[in-house]
Amino acid sequence: MEVVRDRSALRIARADLPGPVGFVPTLGAIHAGHESLLRRARDENASVVASLFVNPLQFRPGEDFERYPRDEPGDLERFAAAGADVVFAPDVSAVYPSGFTTSVDVGPLGAVLEGSVRPGHFRGVATVVTILFGLVRPDRAYFGQKDGQQAIIVERLVRDLALFVEVVVCPTVREPDGLALSSRNVHLTPEERRAAPVLVRALSRVDEAYRSGERDAERLRQLIREEIASEPLASLEYASVADRETLQELQVVDRGALVSLAVRFPSTRLIDCLPLA
Ligand code: PAF
């Protein structure tokens with residue numbers, strides 16, 4: 001596995017890779033969720049490129065950029081074990097050279113849900129993903145379903161800007177008690193960790209109600225609110241049952257939906273989501 005640190009080294013390494021090329025962009029802190037993306041990329045492509053870059057543009061001042069878990073040697077071992085051929089691990093100036101001014105605005109899709117709580121977050125994600133796609137020129141790129149809004153935004157970005165990358169959205173990997181794997185789980189105290197499966201319980205209640213025929217989106221959102229209210233350490237930031245294309249809140253779920261929620265615990269905030277077919 002080759003580790004490259006700047007744009008020109010990546011371009012040279014990329015030129016030697018047989019296609020198709022699968023790409024797994026990450027912020028590092030690699031866990032079994034990322035490994036499932038890497039394995040899928042390995043199965044479906046002749047070559048696999050991964051990136052390891054904590055992108056400052058997608059964190060607002062006061063968010064957890066500084067304390068985002070970082071372990072480059074451990075991450076590189078995991079990338080190698082999962083079969084990556086090339087890892088792009090740049091510093092900030094290699095991604096955003098001096099004088100950099102361009103950004104990618106994803107419009108209304110970036111203003112709701114995570115975007116309403118973290119303004120500018122998806123501008124940062126879309127900008128770095130566009131740069132990474134330009135450098136790696138992947139045939140396929142792999143994203144986790146857990147960040148459901150991000151996956152929808154990247155699909156739209158690729159379509160709108162004609163980037164010719166197949167976006168592959170892979171199932172959320174969960175702990176045995178249902179908690180979605182996330183790099184931020186390490187911040188949970190033991191007590192919060194015991195409480196955290198409340199997110200997946202809320203989603204399961206929505207799923208059960210939907211399977212039993214409930215189509216009133218407000219009633220489905222109410223189930224999430226009730227479940228989160230039952231856990232004293234958890235406070236709900238949003239509960240959403242939204243259209244999968246526009247991410248606008250639905251009244252009636254008649255063409256599927258993305259159900260998502262964000263919950264704040266004293267030491268960190270967690271998100272989870274569930275697509276309804
Ligand atoms: O989901 C992530 O890890 C990040 O948002 C991504 C896609 C690597 C962009 O920095």
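Counting starts at 1 for both ligands and their atoms, following the listed order. Values below: every heavy atom of this structure, side chains too, minus hydrogens, waters and symmetry copies.
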Report task. Quick one: look at V154 and ligand 1, take heavy-atom pairs under 4.0 Å, and tell me if it's side chain, backbone, both or neither. Result ->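 It is neither part, as no heavy atom is under 4.0 Å.
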Query raised in the report: Less than 4.0 Å between a side-chain N and a carboxylate O, is that true for R193 and D177?
Result: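 The answer is yes: the pair qualifies as a salt bridge.
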Query raised in the report: Among side-chain atoms of Q149 and S260, is any donor-acceptor pair under 3.5 angstrom?
Result: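 The criterion, which ignores hydrogens and geometry beyond distance, is not satisfied for S260 and Q149.
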Query raised in the report: For residues R225 and Q222, is any side-chain donor paired with an opposing acceptor at under 3.5 Å?
Result: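 Their side chains do contain a donor-acceptor pair, which is all the 3.5 Å distance test asks for.
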Query - Nearest-option assignment for atom 8 (C) of ligand 1, heavy atoms, candidates A141, S183, P25 - result: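 Looking at heavy atoms only, the winner is P25.
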Requested in this report: Quick one: sort the Y68 and F59 rings into parallel, tilted or perpendicular, breaks at 30° and 60°.
Outcome: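 Ring orientation of Y68 relative to F59: perpendicular.
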To which protein heavy atom is [atom] closest, and what is the distance rounded to 0.1 Å?
| atom | value |
| --- | --- |
| atom 2 (C) of ligand 1 | Q150 NE2, 3.8 Å |
| atom 10 (O) of ligand 1 | Q58 OE1, 2.6 Å |
| atom 3 (O) of ligand 1 | L27 CG, 3.5 Å |

Report task. Under 4.0 Å from a heavy atom of V128: give me the atoms of ligand 1 that qualify, with their elements. Result ->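 Taking each heavy atom of V128 in turn, ligand 1 has 9 (C), 10 (O) under 4.0 Å.
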Query raised in the report: Between CG of L261 and CG of L113, what distance do you get to the nearest 0.5 Å?
Result: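 Reported to 0.5 Å precision, the distance equals 10.5 Å.
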